Amino acid sequence: MNDDRFHEECAVFGVYGHPRAADLTYLGLYALQHRGQEASGIVSNDNGSFYLHRDCGLVADVFRPPALDKLTGDCAVGHNRYSTTGASTVTNIQPLFSVGRDGPICVAHNGNLVNARELRRELMETGALFQTTTDTEVVLHLLARTTGEWVDRMKEVSARLSGAYTLIMMNRDELIGVRDPNGIRPLVIGKFEGAWLLSSETCAFDLIGAEFVRDVEPGELIVIDRNGLHAVKYAHVKAAPCIFELIYFSRPDSLFYGESIDRTRRAMGKQLAIESPVDADFVISVPDSSNAAALGFAEALGIPYEHGLIRNHYVGRTFISPSTEQRRAGVRIKFNPVSSVLQGKRIVVVEDSIVRGTTLKQLTSLLRSAGAEQIHIRVASPPIFYPCPFGMDFPTRKELIANSYSPPQLGKWIEADSLHYLSYNGMLQAAPNRNGGYCSACFSGEYPVPLPPEYGGKLALEEN
Ligand code: 5GP
Ligand code: MG
């Protein structure tokens with residue numbers, strides 16, 4: 001295992017009180033496929049009998065008929081995985097399912113604990129046996145050692161956990177949603193035909209035709225049982241939702257605290273145009289992740305937005321490839337330039353973010369070979385200097401290209417005619433104004449939780 005990168009995060013979804021709970025979960029996971037394409041799983045609860053189906057692959061492949069038929073019951077929990085902690089083995093696929101003194105319990109987790117290794121070692125010393133190498137199992141163990149009301153149990157457990165954890169859990173009688181005290185990863189509440197839904201993003205509600213109720217707050221615990229939904233704060237809160245959800249990760253048709261993510265991305269593009277305008281024939285995006293920012297940029301400058309790159313949607317995300325070489329090939333497989341549009345033109349390429357620089361380096365040469373005369377790169381987020389330990393796919397500091405090249409040097413290396421990033425303050429200005437602020441540690445290095453010295457990265461648990 002030589003892959004020390006953090007990968008992007010996951011999707012979680014839960015249903016309480018609908019006769020087609022597993023079908024709804026399947027639809028939810030389908031809409032949330034962008035949050036993880038490695039594996040998928042659903043656990044259903046049929047009056048206390050639990051059924052589970054998990055496998056590697058995309059949602060539609062994992063749940064080929066008749067897989068869903070056996071997932072009976074009116075409660076269900078689902079998960080799409082893109083490994084954060086733990087290698088991509090079948091045993092690590094979520095939801096995890098265990099039986100303890102309170103009976104069966106399953107858990108689906110989005111985020112990444114930064115002290116999982118330390119906790120796991122401590123648990124093993126007291127005799128705990130682990131079946132997986134994911135940090136999520138640590139949470140299950142800690143919870144199993146507590147008793148009483150959920151709010152007290154979460155209080156006790158969260159005092160031990162450091163990092164990002166949005167959790168959906170299910171036991172015989174309850175569906176439980178948890179957002180960590182920083183609220184790093186999202187979680188929203190929905191309603192459909194009298195049933196309660198929990199989801200990573202609101203786009204899943206749209207597919208189902210469900211109503212969006214509200215965001216779960218940082219440090220909030222949601223317990224849903226036959227008496228309805230009960231919400232309670234279980235921790236002292238220091239809200240720091242991940243700003244990268246707005247830049248890249250969430251779908252643009254999802255809402256962030258009721259605000260359109262598409263609108264925020266356009267505002268970032270617009271701000272970028274104000275900060276770094278350029279005289280060009282038109283603007284193109286790197287589909288699909290920078291479409292909204294590119295539209296905002298073009299609109300602000302009053303120049304056209306064109307489709308200069310066509311994306312093959314049937315290729316997995318570039319980042320899935322295990323080596324840099326494969327990643328390079330991945331970019332070419334994924335995008336094809338449209339020569340008839342680009343020939344002899346001065347173009348602006350709006351990209352949402354630069355991580356390693358692989359995508360843009362490749363694209364610039366592709367666009368040139370397709371006849372583009374000038375290529376101006378505009379990046380709708382600031383330079384990424386710091387790795388993300390909370391579940392994003394940011395590699396070590398060394399691999400983050402912004403640590404090696406200043407913007408003009410990077411422009412040169414990429415062989416662009418110019419290159420500018422959105423400023424840090426410009427980003428915050430374009431994002432919805434949140435009193436509590438954001439986690440923007442990848443840009444600023446200010447992490448909302450202290451990182452333990454022994455923090456070891458994605459495969460930390462494998463080394464034990
Ligand atoms: P680079 O090629 O510079 O390494 O990565 C930048 C590209 O990857 C951008 O097109 C951006 O949309 C995408 N990207 C940014 N962050 C992530 C991430 O955490 N995971 C994945 N899969 N892609 C990302
Ligand atoms: Mg992209």
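For ligands, and for the atoms within them, numbers begin at 1 and follow the listed sequence. None of the values given here were measured: they were computed from a predicted structure.
By the 6.0 Å and 45° rule, Arg434 stacks over the aromatic ring of Tyr257.
A donor and an acceptor atom, one from each side chain of Ser381 and Tyr248, are nowhere located under 3.5 Å apart. Checked by atom type, the side-chain pair Asp180/Ser158 shows no donor-acceptor distance below 3.5 Å. Between the side chains of Thr136 and Gln94, at least one donor N or O lies within less than 3.5 Å of an accepting N or O.
Heavy atoms of Phe249 stay at 4.0 angstrom or farther from ligand 1. Ligand 1 is approached by Asp352 to a heavy-atom distance shorter than 4.0 Å.
For ligand 1, the polar-atom distance check against Val355 finds a nitrogen or oxygen pair separated by under 3.5 Å. For a threshold of 3.5 Å applied to N or O pairs, the pair formed by Arg356 and ligand 1 contains at least one separation below that value. Considering backbone and side-chain atoms alike, Gly357 places an N or O below 3.5 Å from some N or O of ligand 1.
Tally of protein N, O or S atoms closer to the Mg ion (ligand 2) than 2.8 Å: 1.
More than 12 heavy atoms of other shown residues, nucleotides or ligands fall within 6.0 angstrom of atom CD in Gln33.
Short contacts between ligand 1 and Phe244, defined as distances under 4.0 Å to a heavy atom of the residue, involve ligand atoms 16 (N). Each of the atoms 3 (O) of ligand 1 lies under 4.0 Å from some heavy atom of Ile354. The distance from ligand 1 to the heavy atoms of Ser289 drops below 4.0 Å at these ligand atoms: 12 (O).
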Handout entry: Worked check of salt bridge (Lys or Arg N to Asp or Glu O under 4.0 Å) between Glu306 and Lys345
Key = CA-CA 11 Å; Glu306 289 280 352; Lys345 301 295 188 191; over 6 Å; no
Exercise for the section: Quick one: do Phe443 and Ile243 satisfy side-chain contact (heavy atoms from CB on, under 4.5 Å)? Show the steps, please. Expected result: CA-CA 10 Å; Phe443 307 115; Ile243 200 161; 3.8 Å; yes
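Scanning all heavy atoms of the two residues, the minimum distance from Ser40 to Val62 falls at O-CG1, 3.7 Å. Here the shortest heavy-atom pairing between Asp135 and Asn112 reads OD2-OD1, 3.0 Å.
With Arg265 contributing its side chain and Ser290 its backbone, the two residues share no donor-acceptor pair below 3.5 Å.
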